[in-house]
Amino acid sequence: MTAAPNGLADRRTWTGLFVLLLPTLVLSMDMGVLFFAVPFISSDLEPSGSQQLWIMDSYSFLLAGLLIPMGALGDRIGRRRLLLCGAAGFAAASLLGAYAQGTVQLIAARSLLGIAGATLMPSTLALIRNMFHDPGQRQTAITAWTAASTAGATLGPVAGGLLLNHFWWGSTFLLSLPVMALLLLAGPFLLPEYRAPREGRFDLPGAGLSLAAVLPVVYGVKTLAIEGWSPAPALILVAGLVLGALFVRRQRTAAHPLIDLALFRIRTFSGALTVNTVAMFAMMGFTLFTSQYLQLIKGMSPLAASLWSLVPSAGVAVAVGLSSVLSGRVRPAQQMAGGLLVGALGFGLMLLVGPGSPVALVLTAAGVLCAGTVGTMTLTADLAISAAPPERAGAAAATSETATELGSSLGIAVLGAVGAAVYRRQLTDSMPSGLPGQAADAARDTLGGAVTVAARLPHPAGSELAAAARAAFADGMHLAALAGLAFMVGAALLAARLMRHLPAGTPSSSPSSSSPSSTSLQANTDRAEAEDLAVTPVQGRTADRT
């Protein structure tokens, strides 16, 4: 891959970026695109309750658990090579899932998709680090990458609904085939290869510990969020945390660790990851409420609700563009804190939403929340990947993505639990008397259960139950929004503190060629960081110190 004499990327490099954005979009769509297919899969393959959960969750579990090992593997064997291998594996697994003849085969296909997806996401971000040497252009490229990832999460349910209106459920798996084919054909010509020098042997025990730590943590968090408190998932979560501590210990002592823990002594890197995790916690934790509100309170079909959910994307698009414009003029601490406070305003607007509120208020609140959060996440992704040395870009990207996955899971668990607790307490106090025990339990479990029970009851008991359930849900949503607002304000204060050392234009003022090597990082102490992590003059400019 060549660049212009002034270090700027040429047209071929930008075309390569477009090729990288397509798998990023597909990976983000892959979970949501299956939402509407679950009833069709259940009717056709007749999975048990636990099998249905594994059909949905095996993808995200393995994706989260393997991001760090795959990022480190790409640093060793070549990021383009790993990306292309992952694309081929993703296409093969998609075919297996599309034509699955049984539940076990479908779960296996979803698992393979998660494994292949773990090779794709960190590889795309790490390659951007290598392709764009000019910091300003690199930030633009990472902004596009963030936008593609966000757009995929929004478009997934819509694409799934449209496909299922015309084709069988397996068609949702075939959506990725043209993208992976294009990547396999164009990748060798448009994407550069990069393999870190002198990386040493791959830390297989560390990879096993990484997977063994992340899987139970994600499983425990998701189970507690969906089913409420029970000892088994809590113990599994604790076991995952213990394994996580062992993984960190392994990385400190291994000759060739998956993650150079000295990266976390770079305040820019560790601060960006921390702020990104908290922001994802708040934003994704509230997504559950808005989707239920549109469907169960406003009575929209799943497809109609997903189409309406595209409206806040306009605010996201404005925020992403504005973030790119402000990056060279405003200090990162101020920009990130401002974006998070905008997100807090979105939560504040959610406090005004009730069962009878207009849809416009809900969509405005969601748009403001997402705009502030995504605008901040664009900057944190750029800061994290730019702060890491080039030979560690794969591991750094994987660490950032893992933090995003954990933030999402924790947000859904914690804010979901807050809303569910208020809902159950409020509905227990306001539920019409005389309901059969089984019906009352179903109504107390979820708003969806209450709406279903209410539809079967005679008037006026059914109307009273539905109104009480919707009011209880709104109360739970308000407390979750208040918690989200507090998290956003806390994250804004944290960003202002952790990033206060960065001048305006960071990381645009830090050329990629000046990143510290992993050897110097391992040798540094916190006291010597300012000396050893200092960057050198490039093209007549002296870059700022990290």
Side-chain angles (χ1 to χ4, degrees), residues 16-35 37 55-71 73-74 79-80 82-98 109-128 141-142 144-160 163 172-184 186-187 191 214 218 276 280 284 287 374 377-378 381 385 394 397-409:
L17 172 65
F18 174 76
V19 172
L20 286 178
L21 294 183
L22 291 177
T24 303
L25 182 71
V26 168
L27 283 173
S28 300
M29 292 175 63
D30 201 64
M31 177 56 73
V33 79
L34 200 63
F35 283 160
I55 289 172
M56 294 298 296
D57 291 339
S58 58
Y59 173 83
S60 59
F61 286 171
L62 286 170
L63 177 68
L66 289 172
L67 280 169
I68 290 176
M70 291 301 183
L73 182 63
R79 293 164 189 164
R80 185 182 67 185
L82 184 65
L83 179 72
L84 297 180
C85 289
F90 202 92
S94 297
L95 281 172
L96 180 64
R110 290 284 291 170
S111 300
L112 291 173
L113 284 170
I115 295 171
T119 69
L120 294 171
M121 190 65 83
S123 296
T124 56
L125 189 54
L127 281 170
I128 289 174
I142 292 177
W145 183 89
T146 305
S149 181
T150 304
T154 304
L155 292 174
V158 178
L163 284 171
T172 58
F173 288 88
L174 300 179
L175 190 65
S176 65
L177 292 185
V179 170
M180 297 306 161
L182 176 62
L183 179 58
L184 288 169
L191 303 177
V214 174
V218 175
N276 185 69
M280 283 300 298
M284 293 305 297
T287 302
V374 173
M377 288 166 54
T378 299
I385 199 67
T399 304
S400 177
E401 286 301 305
T402 302
T404 297
E405 290 288 332
L406 291 177
S408 301
S409 299

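The basis for the numbers below is simple: all heavy atoms, side chains too, and nothing from hydrogens, waters or symmetry mates. Counting from 1, the numbers follow the sequence of the chain as shown.
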Those residues at least two apart in sequence (or on a different chain) that pass side chain to side chain contact (heavy atoms under 4.5 Å, CB included) with Leu84 are Arg80, Leu183, Leu184, Pro188
Applying the side-chain contact (heavy atoms from CB on, under 4.5 Å) test to Thr119, which of Thr124, Leu82, Leu66 qualifies?
Leu82
Closest heavy-atom contact between Ser94 and Ser176?
OG-OG, 2.9 Å
Taking side chain to side chain contact (heavy atoms under 4.5 Å, CB included) as the test, write out the residues that go with Leu174, two or more places apart.
Leu95, Ala98, Tyr99, Trp168, Leu177
Do Leu120 and Leu83 have side chains that approach each other closer than 4.5 Å (heavy atoms only, starting at C-beta)?
yes
Which heavy-atom pair separates Ala91 from Met180 by the least distance, and what is that distance?
CB-CB, 4.1 Å
Atom of Ala116, atom of Phe90 and distance for their closest heavy-atom approach
CB-N, 3.6 Å
For Leu21, the side chain to side chain contact (heavy atoms under 4.5 Å, CB included) test, sequence neighbours excluded, returns Leu17, Ala144, Trp145, Ala148
Considering all heavy atoms of both residues, which atom of Ala118 and which atom of Met70 are nearest to each other, and what is their separation?
O-CB, 3.3 Å
As an exercise, state the distance from CG of Leu62 to CG of Leu67, rounded to the nearest 0.5 Å.
10.5 Å
Closest heavy-atom pair and its distance - Gly114, Tyr59:
N-CD1, 3.4 Å
